[in-house]
Structure formats: C-alpha cells, structure tokens
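So the structure is just underneath, and the comments pick up after that.
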Amino acid sequence: MTQDKAFMKEAIRLAKSAVAHGNEPFGAVLVKDGEIVFTNENQIYTAADPTFHAEAGLLRQFCGETHITDLRAYTLYSSCEPCFMCCGAMVWTRVGRLVYGASDIDLCGLLGEEGSPCCELVFSHSPHAPQVQGGVLREESLAVLADYFKGHKKG
C-alpha cells in the first residue's frame, strides 16, 4: 500500500499540473515493476480533444510510442476513477491493475450529479478486467477536484 500511495501522489500532482496548464484536474501514471514508465495529465482543452482524458491519453501515447499493446504487467494509477471510455481503453490494452483515488460517485457528488461505478460496470461485462483498488489517497484527490470544480463546470 505504501507504494500505491507514492504513485497516487504523483497522479494527484499531475492532476494539479493539468489545472495549471488549463485543463481539468485528472492525472495518470503507468507503472511496471515498481517504476514509473509513463505519465499523462488531462488535456481536453489544450489539445481541443474531449477524449484526451488522462488515462486514455496515456494509453494511446504509451502504446503508440512503445508498440506495447498488452499491458497485463502494468499498473495504472489515476487520481480519479476512470470514466467508461477510459475503462474501455484499459480493457483493450489489458491493463493488469488499476488504482484510483476518488470515485466517479465522489466526483459527481461535487457536481450535484448522481455518478456511477464506472469500473465495476465496464469490467464486469468485459473480456478482460484489471484488478481494481479504489480509494487510495481519496481525500487528497477529492480536495483537488473540489478546489477546481467550485469555480468550473465539468467538460
């Protein structure tokens, strides 16, 4: 769990960096054998691409640059529970493990919306499902989300 917290701190740092770059507060870190191999932050506004979420963007760029498309040996750390699209990308790249901070229900609660258990819904009906650990540094992740969304609308 200590290692999970260290990598989650980096995902949360990237979420803050995304805000500094003009995007929404989401960050993702890809780890293999205890080492960070790739990172990404949300870039939906700066890239003018509403699909450039931290996780999907990370997977797209990492696979494109390395030509590695089977990520069973990798763990993806995300500052917030990935959306349905990003969970689908994890299915197709066969990410071995997912660790996230705040849940989609937590995020949507800040926005006055209902939210859903995205990971559970996608992974329970998919040919490949990573191991999932949610709630790691949840409060720290929620603080970044709450700070941003008190003054911004989602998407």
Side-chain angles (χ1 to χ4, degrees), residues 1-46 51-63 65-66 68 71-111 115-124 126 128-150 152 154-155:
M1 188 66 160
T2 302
Q3 193 174 39
D4 284 347
K5 286 182 180 179
F7 294 129
M8 185 58 65
K9 283 182 189 275
E10 178 62 9
I12 293 169
R13 185 194 70 73
L14 288 161
K16 293 175 185 176
S17 177
V19 171
H21 293 128
N23 294 292
E24 292 183 349
F26 302 97
V29 175
L30 190 63
V31 172
K32 183 179 181 192
D33 299 328
E35 298 288 328
I36 294 175
V37 297
F38 212 82
T39 64
N40 190 51
E41 59 190 49
N42 180 287
Q43 297 177 49
I44 63 171
Y45 298 129
T46 54
T51 69
F52 210 127
H53 293 191
E55 306 89 348
L58 180 148
L59 294 170
R60 201 165 38 239
Q61 289 182 314
F62 178 77
C63 293
E65 289 180 22
T66 65
I68 299 168
L71 305 181
R72 283 180 246 224
Y74 296 78
T75 299
L76 182 73
Y77 291 83
S78 180
S79 59
C80 188
E81 180 177 8
C83 71
F84 293 113
M85 174 187 70
C86 292
C87 287
M90 283 183 262
V91 168
W92 296 117
T93 57
R94 298 177 186 228
V95 169
R97 184 169 178 251
L98 167 65
V99 179
Y100 66 85
S103 70
D104 183 70
I105 292 171
D106 293 331
L107 169 62
C108 289
L110 294 173
L111 302 172
S116 62
C118 298
C119 292
E120 179 184 329
L121 292 172
V122 172
F123 298 148
S124 67
S126 299
H128 172 79
Q131 295 177 345
V132 178
Q133 174 66 53
V136 174
L137 299 183
R138 176 181 175 266
E139 293 303 318
E140 290 89 333
S141 178
L142 271 173
V144 173
L145 293 165
D147 184 55
Y148 178 82
F149 287 113
K150 71 182 176 194
H152 298 86
K154 179 85 177 85

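Numbers here are sequence positions counted from 1.
The distance from the CD atom of E24 to the CG atom of L145 is 9.5 Å, given to the nearest 0.5 Å. Taken from CE in M8 to CG in L137, the straight-line distance is 6.5 Å, to the nearest 0.5 Å. With values rounded to the nearest 0.5 angstrom, E55 atom CD is found 3.5 Å from S78 atom OG. Between the CZ atom of R94 and the CZ atom of R72 there is a distance of 4.5 Å, given to the nearest 0.5 Å. Atom CG of N23 and atom CG of N42 lie 5.0 Å apart (nearest 0.5 Å). D104 contributes atom CG, which lies 9.0 Å from atom SG of C119 (distance to the nearest 0.5 angstrom).
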F149 vs L107, side chain to side chain contact (heavy atoms under 4.5 Å, CB included): CA-CA, chis, key distance, verdict: CA-CA 9 Å; F149 287 113; L107 169 62; 3.7 Å; yes
Carefully, step by step, assess D4 and R97 under the rule side chain to side chain contact (heavy atoms under 4.5 Å, CB included). CA-CA 11 Å; D4 284 347; R97 184 169 178 251; 2.7 Å; yes
One pair to check against side chain to side chain contact (heavy atoms under 4.5 Å, CB included): T51 and M85. What are the steps and the verdict? CA-CA 8 Å; T51 69; M85 174 187 70; 3.8 Å; yes
What do the steps show when you test L98 against F123 for side chain to side chain contact (heavy atoms under 4.5 Å, CB included), and what is the final call? CA-CA 11 Å; L98 167 65; F123 298 148; 4.0 Å; yes
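Considering only heavy atoms from C-beta on, P117 comes within 4.5 Å of I105 through its side chain.
Scanning both residues, C118 and P82, for their nearest heavy atoms gives CB-O, 3.3 Å. Smallest separation of non-hydrogen atoms from F7 and V29: O-CG2, 4.0 Å. Scanning all heavy atoms of the two residues, the minimum distance from Y74 to I68 falls at OH-CD1, 3.6 Å. The nearest pair of heavy atoms linking L71 to C63 is CD1-SG, 4.3 Å. Taking every heavy atom of both residues into account, Q3 and G34 meet most closely at NE2-CA, 3.3 Å. The minimum heavy-atom distance between L14 and E41, with the atom names listed, is O-CB, 3.6 Å.
With sequence neighbours left out, F52 forms a ring-ring contact (aromatic ring centres under 6.0 Å, His included) with no residue at all. For E10, the salt bridge (Lys or Arg N to Asp or Glu O under 4.0 Å) criterion is met by R13, not counting sequence neighbours. Applying the ring-ring contact (aromatic ring centres under 6.0 Å, His included) criterion to F38, with sequence neighbours excluded, gives F62.
Not one N or O on the side chain of S79 forms a donor-acceptor pair closer than 3.5 Å with the backbone of S141. At least one donor-acceptor pair under 3.5 Å links the side chain of H128 to the backbone N or O of V95.
Remark: Q61 CD is packed, more than 12 non-hydrogen atoms of other residues, nucleotides or ligands lying under 6.0 Å away.
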